[in-house]
Amino acid sequence: MNDLRHYETPLLPTPFHARTEAACKTHAWANWGGYRTVTTFEDLAMEHSAIRNTASVYDLCPMIKYRIEGPDAVAFLDRLTPRNVAKLRVGSVQYTVWCDDAGHLLDDGTLFRLTETRFRLCCQERHLPWLLDSAHGFDVTVTEETEEIAALSLQGPTSAEILRRAGVDIDALKPFRMMEVPFGMGRLMISRTGFTGDLGYELWTTPDLALPLWDHLMQAGALHGLRPIGSDALNIARLEAGFIITGYDFIPAHVCLREDRLRTPLDMGLGWLIDWEKGAFTGRNALMKQRAKGPDWAFVGLEIDGNIPADGAILYRAQKHEAGVVTGACWSPTLKRNIALAQLRADLVKSPDLWAEIYALRELHYAKMMMRARVVDRPFYTPARRTLTPPARF
Amino acid sequence: MYDAVVIGAGHNGLVAACYLARAGLKTVIVEKNDWIGGAAVSRELYPGFTYSNCSYVSSLFRPEIMRDLDLPRHGLQILPYEGGALMTRDGGYLGMFRDHESNRREIARHSRRDAEAYDRYARDILRNCRLIRPMLMRRPPDLASFHPRDLSELLWLGRQITGQSEAALCDMLRFWTMSIADFLDEYFENPAVKAYQAVGSIIGTALGPMSPGTAYVLLHHAMGDVDGNVGAWGYARGGMGSITRALADSFRAAGGEIRAGVGVQEVRISGGRATGVVLANGDEISARRVLSNMDVRRTFLGHVDRKELPADFVKRVERFKTRGSSGKLNIALDGVPRFTALPEGAPNIKGDLHFTDTIDQMERAYDDWKAGRFSRHPFQDVMIPTMIDPTMTPPGKHFMSCFVQYAPPQIEGKPWTDADRDAFAKTCIDQIEAYAPGFRDLILHVEVRTPRELEAEVGLTEGNIFQGELTFDQMFFNRPVPGYANYRSPVKDLWICGSSTHPGGGVMGAPGRNAAREVLRDLRQPVDHMSDAYAIV
């Protein structure tokens, strides 16, 4: 970071780069937060299939990570986020969001309670000024630690078995809990979390142990179909699981130019996170007001007729009145359905008359379609093995 | 008999003339210098070296005008540039990078917090740009008028402003009135980061970074674009004179005529109407209307019989602030200067270079101006366009443009002398030499321009590069004076089309374009050849 010649390497390699580069047959790289990341290693369908059939590893290093530490860490986080942090036990993980004073979403992420007074916040965007400003008056330190941690996501039906083969006694670990084991000369933290909606784990260690960790997992997974996956395969899995991505499904407030694009947790269907009773948190007053009158927007899962993905489609009521926009869509190989996530006008959530306008470019001509869309429950896909403890062998 | 005579072949005079000629008006431009260009001028003052003698970078020039007037076909090329660096007194530097990640990592070398604060800052600047850009190509309403057009314009303006949330409205009003120092304090902690961001807030302005109103000046320098990249700046290939050369070509192609070498003595007025101009050599040019590209003070205090003007108007014009604050060194170099702080081969040298590393230091430079002296430790905006442009010098040689603040219109109340000018040049060169040892030995030729030269040669009153300061009290419907923001004047058929009018200075072309539109509107001529401002979506 402090290298004067950093500009010669605008996209940094992650600690796993030596392995991901060797495995990436397509040379399909993309920028994620200033790092080189793989979009597809070899074959998208094979990679998605591994998530649901065997197991996958995904390089999580570019995820922004903040260490929040101090006697007031709980109080600070309870103030920062709408969710109840005091209820988060040591060794547990919480999905969470945070807002500005106007209740507009800044980001979502996962909050790890490592000790009584130490947390890790993982997210998509950079928030150091916001976190530091919010920490005024709290006895807490906030440090960005993205580069101090190497993280891999191990996801899929055989992921538990692979960890067992790797020598980790994983059986007692429940969803949203974490454990720590010795690894090499250091430590490996394992959380039962993920972004696929399947059985899976996230593995956290220091960058010096990144390559040994990769090799160890690959060896343990050799007979269990373990393969690296890129962000394209992960995106299909996360859509099937109904998870949102900041910047894709909503625009975070601190970079949002157009005021009408700002969204609150209530607009995004995340009201269930809010603990209205816990006391003050940033954005509470604004959100209380919005709750009283009801949000203008809803965030929904859609099933859309046909098999053409509806990425970016405009939604209509009665085929003519604009009703919202699709923020993410795919043909779900797991469900054999055409699924989508969408921002939809809140008053139309129950409308039986929703349509998606799809333009399919086929050999230089557009096939224009108006396809019926139905609001369905999220997640679209949630297998029982996701939460089964102890996990099955596969 | 001409349909229109335009006084001054600066970029706005040329833009106005181009639009009039394209509408079929028989138009002539009168220019006092032997060359054209006004402050967008490139002259060869040292053999084989083309300078950008006054303005030196382009961002504000409206792309709608470039397209309408076919300027690329007449040779105009705007080159985006990369880089830029602010040298710090401790021997380090803060670089600027076009790549978002590189820029973030560079700021993080100085402050990790500031690196992550930059996105929110950039958003807020861009929000204000989006608000102001649609106003650039419109005639400001007259607040005192009940004319339907003024009322509808006022309504439009009201909708732009009230279309925002209360919070955004508050932020906007604060932004338009506050100092850049206060504004930057809300985002950043590192002095060098703040000093770099403050650059655009003082250029051409007789204010310091701690003066209220300088945040708006920053916006004025951020609202342009290069091919849609808002806030980016570029070089005109072949120097800034290529802009006015392309305009002149476009003008002549539309049947226009340019007479250079003799200036206007007086605007001829009879029966309360402008009927042409009297030249310094006694020649007269008759025209149905006169457009002045000179600044409003030079126009009305120097070239119009005062008896023809209402006293109140004259008083307002006299009070219109055109305080000069800037000087310029144009330097022919035998090679590339080596700035010790920059890593060998760093791209930063292709962009803007600065040597004042705190807001305080910039404010101290302004203190000298207030005392009537040029700054002992000046703020400089240094560019070497030949790092990118191969056309301006022989290979391996370079042209360096040094924009300098602060330089007062007079030195302690007395006119600049040649000795003052030379001392000013030495101060600037010494400052560069301190960061690039050996720089002085590379110098082949220097053109030094203080406000004295800017006034005498370009005609800018007191050397003010914007034809009037960009302070909020003289912007929009108050520019140049209330009631006359519509490019008209108390004298019928005498129009003003230069940077003294809305939306102000910089090589933007919008004042000239807006003035031409008003002229054609009065003539009930179609304006199909004039694009509206591109929509902001």
Side-chain angles (χ1 to χ4, degrees), chain A residues 1-13 30-37 62 64-67 100-104 106-107 123-136 141-148 246-247 251-262 286, chain B residues 82-85 91-131 163-169 171-172 186-190 230 341-348 536-537:
Chain A
M1 178 66 88
N2 289 320
D3 179 9
L4 274 182
R5 292 185 172 275
H6 62 83
Y7 54 83
E8 290 174 350
T9 318
L11 293 185
L12 294 178
N31 176 7
W32 173 15
Y35 290 87
R36 274 170 262 173
T37 58
I64 308 297
K65 299 173 262 306
Y66 295 101
R67 185 167 59 242
D100 63 14
D101 294 12
H104 297 130
L106 286 162
D107 210 343
C123 53
Q124 178 79 358
E125 300 280 321
R126 293 183 171 273
H127 299 285
L128 192 57
W130 183 259
L131 297 176
L132 290 172
D133 289 347
S134 300
H136 279 304
T141 58
V142 179
T143 318
E144 197 226 311
E145 57 174 11
T146 306
E147 291 184 25
E148 297 163 32
T246 303
I251 306 301
H254 67 297
V255 295
C256 185
L257 270 179
R258 299 162 184 82
E259 287 193 283
D260 60 342
R261 312 309 205 263
L262 295 162
Chain B
E82 59 182 326
Y93 78 105
L94 168 66
M96 187 74 88
F97 294 90
R98 281 169 69 83
D99 177 74
H100 184 263
E101 308 302 342
S102 299
N103 205 48
R104 176 172 58 73
R105 291 198 186 101
E106 178 66 9
I107 298 174
R109 287 201 303 118
H110 298 262
S111 159
R112 291 174 79 117
R113 180 196 163 101
D114 288 358
E116 299 196 9
Y118 190 80
D119 287 345
R120 184 187 286 263
Y121 166 77
R123 177 205 64 178
D124 288 350
I125 297 288
L126 195 52
R127 271 191 180 171
N128 279 290
C129 288
R130 290 169 58 84
L131 195 72
Q164 310 172 78
S165 70
E166 200 181 318
L169 197 64
D171 281 344
M172 184 197 78
E186 294 189 4
Y187 299 88
F188 301 118
E189 61 182 11
N190 181 269
V230 176
L342 297 179
E344 191 78 41
N348 309 76
I536 306 262
V537 294

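For clarity, every value in this text was computed on a predicted model and none was experimentally measured.
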> In terms of the angle between their ring planes, are B:Phe97 and A:His6 parallel, tilted or perpendicular, with boundaries placed at 30° and 60°?
Replying inline: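 Geometry flag for A:His6 against B:Phe97: perpendicular rings.
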Given that the side chain runs from C-beta out, which part of [X] has a heavy atom under 4.5 Å from chain A: side chain, backbone, both or neither?
{"X": "B:Ala122", "answer": "neither"}
{"X": "B:Tyr187", "answer": "neither"}
{"X": "B:Asp119", "answer": "both"}
{"X": "B:Glu106", "answer": "both"}

Nearest non-hydrogen partners of [X] and [Y], listed with the distance:
{"X": "B:Arg123", "Y": "A:Ala253", "value": "NH1-O, 2.5 Å"}
{"X": "B:Pro347", "Y": "A:Tyr7", "value": "CD-CE1, 3.5 Å"}
{"X": "B:Glu101", "Y": "A:Asn31", "value": "OE2-ND2, 3.4 Å"}

If I take atom [atom1] from residue [X] and atom [atom2] from residue [Y], how far apart are they, to the nearest 0.5 angstrom?
{"X": "B:Glu116", "Y": "A:Tyr66", "atom1": "CD", "atom2": "OH", "result": "3.5 Å"}
{"X": "B:Arg112", "Y": "A:Arg126", "atom1": "CZ", "atom2": "CZ", "result": "8.0 Å"}
{"X": "B:Arg120", "Y": "A:Asp100", "atom1": "CZ", "atom2": "CG", "result": "7.0 Å"}
{"X": "B:Gln164", "Y": "A:Asp260", "atom1": "CD", "atom2": "CG", "result": "12.0 Å"}
{"X": "A:Arg258", "Y": "B:Leu126", "atom1": "CZ", "atom2": "CG", "result": "8.0 Å"}

> Got a donor-acceptor contact below 3.5 angstrom from the B:Arg113 side chain to the A:Leu128 backbone?
Replying inline: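 Flag not set: sc B:Arg113 to bb A:Leu128 has no pair under 3.5 Å.
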>> Tell me whether B:Arg127 contacts the main-chain N or O of A:Leu257 through its side chain, where contact means a donor paired with an acceptor under 3.5 Å.
In response: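 Yes, the answer is positive, given that a donor and an acceptor are paired below the 3.5 Å cut-off.
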Pick one of side chain, backbone, both or neither for [X], based on which atoms fall under 4.5 Å of a heavy atom in chain B.
{"X": "A:Leu12", "answer": "both"}
{"X": "A:Leu106", "answer": "side chain"}
{"X": "A:Ala102", "answer": "neither"}

